[in-house]
Amino acid sequence: MSGKPRLHYVNARGRMEPIRWLLAAAGVEFEEAFLETKDDLKKLQTNGDLLFQQVPMVEIDGMKMVQTRAILSYIAGKYNLYGKDLKERALIDMYVEGLADLNELITSNFFQPADKKEEHLATVMDKATTRYFPVYEKVLKGHGQDFLVGNKLSRADVQLLEIILLVEESKPDILAKFPLLQSFKAKTSNIPNIKKFLQPGSQRKLPLQEKDIPRLMQIFH
Ligand SMILES: N[C@@H](CCC(=O)N[C@@H](CS)C(=O)NCC(=O)O)C(=O)O
């Protein structure tokens with residue numbers, strides 16, 4: 001055992017990607033064990049390694065943690081990315097849950113029938129522009145800091161940057177009307193640990209391709 005957290009998931013973004021992002025932002029090196037087949041998943045299930053028979057699973061500090069949100073909370077708490085008190089934590093949780101909702105909308109686009117994808121994506125982008133991004137723009141404005149909460153980086157900032165970049169893959173000008181989010185993006189992308197994670201060849205995963213979907217379905221269904 002190297003002592004590094006060991007991530008068990010498929011070689012794709014999915015539910016593990018925010019965990020990769022958070023560890024990278026915290027400057028924590030991690031190892032990945034990719035599930036290639038349904039048998040790999042079955043093996044973990046049979047060994048009793050997965051509390052609810054599901055991944056993501058992260059081996060960390062002698063635990064085999066499952067449930068994405070629980071894993072993220074643990075990492076955020078451990079690496080001081082979760083606010084300085086309960087009130088800051090409450091704000092961080094609200095901001096993060098909003099981002100999780102937006103992320104879910106984006107991800108659901110993959111599962112739309114081919115002839116509905118374009119229309120669905122337009123609806124999602126509209127929601128991003130009218131419901132979600134205005135909130136973060138307003139928070140940054142009201143708060144007057146480079147970060148969403150307090151005056152230091154938190155898991156909310158890390159997840160906001162992840163989602164901005166994700167949305168920009170479908171709509172590169174999505175931040176056109178959000179000047180504070182533009183400077184937020186520029187500044188947080190330049191934080192050394194994050195900058196490193198954004199370089200090609202890091203453990204950050206590429207967008208899911210249509211051709212990968214059958215392979216992932218075969219493992220999970
Ligand atoms: N609430 C869980 C859901 C985990 C989940 O749905 N995992 C899927 C892969 S993304 C899975 O393991 N599916 C296999 C199964 O349910 O048997 C979390 O957030 O971690």
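In listed order, ligands and their atoms are each counted from 1. Fair warning: this is a prediction, and the values are worked out from it, not measured in the lab. Index from 1, following the sequence.
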Identity and distance of the protein heavy atom lying nearest atom 5 (C) of ligand 1: Arg15 NE, 3.4 Å
Heteroatom proximity flag, Val55 to ligand 1, N/O under 3.5 Å: yes
Run the side chain to side chain contact (heavy atoms under 4.5 Å, CB included) test against Ser189 and tell me which residues pass, sequence neighbours left out. Leu161, Lys185, Leu198
Look at the rings of Trp21 and Phe197 and say which category their plane angle falls in: under 30° parallel, 30 to 60° tilted, over 60° perpendicular. perpendicular
Among all the protein's non-hydrogen atoms, which is closest to atom 19 (O) of ligand 1, and how far away is it? Thr68 OG1, 2.9 Å
Are any of the N/O atoms on Gln54, whether in the backbone or the side chain, positioned under 3.5 angstrom from an N/O atom of ligand 1? yes
Going through the distances and angles, do Tyr82 and Asp93 end up as a side chain to side chain donor-acceptor pair (under 3.5 Å)? CA-CA 9 Å; Tyr82 214 168; Asp93 283 340; 2.5 Å; yes
Compute the minimum heavy-atom distance from Gly14 to ligand 1 and say whether it is under 4.0 Å. no
To check you understand the geometry: which heavy-atom pair defines the closest contact between Pro56 and Arg15, and what is its length? CG-CB, 3.6 Å
Exercise: identify the closest heavy-atom pair between Met125 and Ser170: CE-CB, 3.7 Å
Sub-4.0 Å atoms of ligand 1 with respect to non-hydrogen atoms of Pro56: 20 (O)
Using the test side-chain hydrogen bond (donor to acceptor under 3.5 Å, both in side chains), find all partners of Asp212 that sit at least two apart in sequence or belong to another chain. none
Just need the protein heavy atom nearest to atom 10 (S) of ligand 1, so name the residue and atom and give the distance. Tyr9 OH, 3.2 Å
What is the closest protein heavy atom to atom 13 (N) of ligand 1, and at what distance does it sit? Phe220 CD2, 3.7 Å
Lys/Arg-Asp/Glu bridge criterion (N-O < 4.0 Å) met for Glu162, Arg204: no
min-distance protein heavy atom vs atom 2 (C) of ligand 1 -> Gln67 OE1, 3.0 Å
